[in-house]
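Report on one structure; see the data block that follows.
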Amino acid sequence: MKIARTLLFDAKLSAERIVTQKCHRYCAAESVIRCLDCVPLDMEFLCATCDMEAHKRNIFHDREAVFHGFFEPIAPTIAVVVDEDGQPQFCEQICQLPVPTPRSICECCHDLTVTPGKHISVVTINGRYDVCLPWKSCPSCSAEWTPEFKDLLMYRYWPASTSCQTLYKFDVFTSFEQMKVTAPAMSRLAFLKMLEHRSVQAGRTGSICADTFQRSFFEFCFCQYKEEDMCQVHHFVCPACSPDMLAVCSDGNRKRYRFCKSKGTEEPPLYEGLFLAKDEEVETFVDLVRGNMRSANDSAVCGTAKFTAGRETSKKSGAQIDEEGIQVAVCRYVFVIVCVCVCVCVCVY
């Protein structure tokens with residue numbers, strides 16, 4: 001690579017050079033658009049007319065304008081038209097979500113056309129796109145059609161709300177989930193900043209709401225869990241310890257003061273009794289344990305003060321302590337290898 005470094009640099013500069021090309025589709029007009037996503041179809045360079053026809057449904061293609069002397073990324077909502085002087089100019093266009101429409105929505109025999117409906121935003125692994133939902137209507141019987149939940153989910157779009165103002169492609173959720181597994185320290189805001197950067201680099205609007213994304217991702221994961229539960233897929237069963245755990249090791253911070261002060265705590269949990277045990281079950285268990293223990297003082301409920309982690313009070317300052325901790329119980333099974341897995345013994349006190 002050290003020897004080829006000069007060749008690579010020269011090749012990169014040469015790749016940025018714009019050469020006048022004819023349209024690669026069916027006409028001999030001069031090209032004004034370059035689309036690398038159309039390369040497998042041998043349609044890299046397109047004229048203004050062929051670009052509109054080719055990308056009417058392929059709205060997720062990243063296009064570049066080539067008539068200003070350099071490659072200029074443009075959004076799907078930007079089209080190129082040729083004015084009276086034969087010069088290409090930018091103009092606004094409406095992009096519809098690529099979802100198939102039903103052939104008929106009523107018993108009338110009219111030839112119905114698809115028109116743009118409500119303006120929405122779609123977030124994929126390549127960033128944000130501003131599109132419109134397709135809309136059909138019958139002039140005779142006033143029948144209407146626009147994509148519903150089942151239509152959107154069939155083509156891997158997850159609605160962020162009941163109004164479908166924002167849609168998330170399944171690939172952005174699955175990619176975020178895999179990144180959190182392989183890199184737990186990756187924050188949600190950092191992931192969304194990456195998506196916003198990709199949007200801006202492609203000439204699109206990059207703003208993505210972090211709170212809406214988090215809520216939608218939680219709902220997506222819960223729906224996926226319910227589906228796997230129906231298929232009897234159990235992720236929290238340790239094959240080394242089934243059917244009984246051999247040993248339990250508990251650790252965690254039980255002083256969760258900020259949960260009581262935070263807003264939205266009255267909202268019912270999604271995973272009731274799965275990740276976090278129910279409050280009444282935890283209270284019953286704690287009362288049972290304390291009723292059979294003898295403590296030297298009230299502040300050392302787990303025997304004497306030698307078990308420091310079991311203390312419920314501390315003289316140290318808690319300014320640097322995260323008060324949103326939970327107590328976790330894991331199983332440990334050791335023969336030739338060490339198997340550590342999280343079991344269904346996660347509780348909050």
Side-chain angles (χ1 to χ4, degrees), residues 1-98 121-131 169 171-172 174-176 178-179 182-183 186 189-208:
M1 292 303 298
K2 183 177 180 179
I3 298 176
R5 186 175 300 160
T6 303
L7 296 177
L8 291 174
F9 180 71
D10 293 340
K12 186 177 185 305
L13 294 179
S14 178
E16 299 295 330
R17 180 173 58 94
I18 295 181
V19 180
T20 303
Q21 296 272 354
K22 296 297 182 180
C23 180
H24 287 183
R25 206 175 186 192
Y26 307 117
C27 62
E30 185 176 344
S31 64
V32 294
I33 292 294
R34 180 197 188 197
C35 180
L36 295 180
D37 292 325
C38 291
V39 167
L41 301 177
D42 296 332
M43 297 180 185
E44 178 182 357
F45 290 93
L46 300 170
C47 65
T49 303
C50 293
D51 171 63
M52 289 187 179
E53 296 178 0
H55 295 103
K56 183 178 180 180
R57 304 292 287 180
N58 299 320
I59 64 172
F60 297 127
H61 283 193
D62 289 332
R63 300 142 57 232
E64 296 173 315
V66 297
F67 57 86
H68 282 164
F70 57 91
F71 292 117
E72 182 178 359
I74 59 176
T77 54
I78 299 296
V80 179
V81 295
V82 179
D83 58 17
E84 298 177 354
D85 299 330
Q87 299 298 322
Q89 302 291 337
F90 289 132
C91 70
E92 294 287 337
Q93 70 174 354
I94 299 177
C95 298
Q96 296 184 24
L97 185 70
S121 299
V122 180
V123 180
T124 72
I125 194 60
N126 290 323
R128 169 180 166 173
Y129 296 82
D130 295 327
V131 300
K169 195 71 173 172
D171 60 352
V172 71
T174 54
S175 299
F176 179 68
Q178 290 299 321
M179 292 184 67
T182 56
M186 167 69 74
L189 295 179
F191 179 76
L192 295 181
K193 285 295 183 182
M194 181 268 295
L195 296 182
E196 292 178 352
H197 176 72
R198 300 191 68 172
S199 302
V200 175
Q201 288 292 103
R204 294 179 261 110
T205 303
S207 177
I208 301 175

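Computed from a prediction, not measured in an experiment: that's the story for all the values here. Counting begins at 1 with the first residue of the sequence.
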One pair to check against side chain to side chain contact (heavy atoms under 4.5 Å, CB included): E64 and I74. What are the steps and the verdict? CA-CA 6 Å; E64 296 173 315; I74 59 176; over 6 Å; no
Determine yes or no for a side-chain-to-main-chain donor-acceptor pair under 3.5 angstrom, with [X] supplying the side chain and [Y] the backbone.
{"X": "T124", "Y": "N126", "value": "yes"}
{"X": "D83", "Y": "D85", "value": "yes"}
{"X": "S175", "Y": "D171", "value": "yes"}
{"X": "E196", "Y": "I208", "value": "yes"}
{"X": "S31", "Y": "C47", "value": "no"}

Interatomic distance, [X] atom [atom1] to [Y] atom [atom2] [nearest 0.5 angstrom]:
{"X": "E72", "Y": "F67", "atom1": "CD", "atom2": "CZ", "value": "6.5 Å"}
{"X": "M194", "Y": "L192", "atom1": "CE", "atom2": "CG", "value": "8.5 Å"}
{"X": "T20", "Y": "E30", "atom1": "OG1", "atom2": "CD", "value": "5.5 Å"}
{"X": "I78", "Y": "R204", "atom1": "CD1", "atom2": "CZ", "value": "12.5 Å"}
{"X": "T77", "Y": "I59", "atom1": "OG1", "atom2": "CD1", "value": "10.0 Å"}
{"X": "M43", "Y": "C38", "atom1": "CE", "atom2": "SG", "value": "7.5 Å"}

The test is side chain to side chain contact (heavy atoms under 4.5 Å, CB included); show your working for R25 and L46 and say whether it passes. CA-CA 7 Å; R25 206 175 186 192; L46 300 170; 4.2 Å; yes
Could you check whether any side-chain heavy atom of [X] comes within less than 4.5 Å of a side-chain heavy atom of [Y], counting everything from C-beta outward?
{"X": "V123", "Y": "K169", "value": "no"}
{"X": "K22", "Y": "F45", "value": "no"}
{"X": "V81", "Y": "F90", "value": "no"}
{"X": "L41", "Y": "H24", "value": "no"}
{"X": "L195", "Y": "V172", "value": "yes"}
{"X": "P76", "Y": "Y129", "value": "yes"}
{"X": "I125", "Y": "F176", "value": "no"}
{"X": "V32", "Y": "D51", "value": "no"}

Would you sort out whether L8 and M1 count as a side chain to side chain contact (heavy atoms under 4.5 Å, CB included), showing the intermediate values? CA-CA 9 Å; L8 291 174; M1 292 303 298; 3.4 Å; yes
Is there any side chain to side chain donor-acceptor pair (under 3.5 Å) pair reaching into residues 36-46, and which pairs are they, with sequence neighbours excluded?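 Matches after skipping sequence neighbours: R34-E44.
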Using every non-hydrogen atom in the two residues, find where [X] and [Y] come nearest and quote the distance to one decimal.
{"X": "C27", "Y": "C50", "answer": "SG-SG, 3.7 Å"}
{"X": "I18", "Y": "G69", "answer": "CD1-C, 3.4 Å"}
{"X": "A48", "Y": "V82", "answer": "CB-CG2, 4.3 Å"}
{"X": "R63", "Y": "A79", "answer": "NH2-CA, 4.2 Å"}
{"X": "A15", "Y": "F71", "answer": "O-CE1, 3.6 Å"}

Can you sort out the partners of H61 under ring pair (Phe, Tyr, Trp, His ring centres under 6.0 Å), two or more places apart, ordered by chain and number?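 Checked H61 against ring pair (Phe, Tyr, Trp, His ring centres under 6.0 Å); matches are H55.
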Salt bridge check: are R128 and D130 linked by an N-O gap of less than 4.0 Å? yes
Count the heavy atoms of every other residue, nucleotide or ligand shown that sit under 6.0 Å from NE2 of H197, and state whether that count exceeds 12.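 It does not: H197 NE2 has 12 such atoms or fewer within range.
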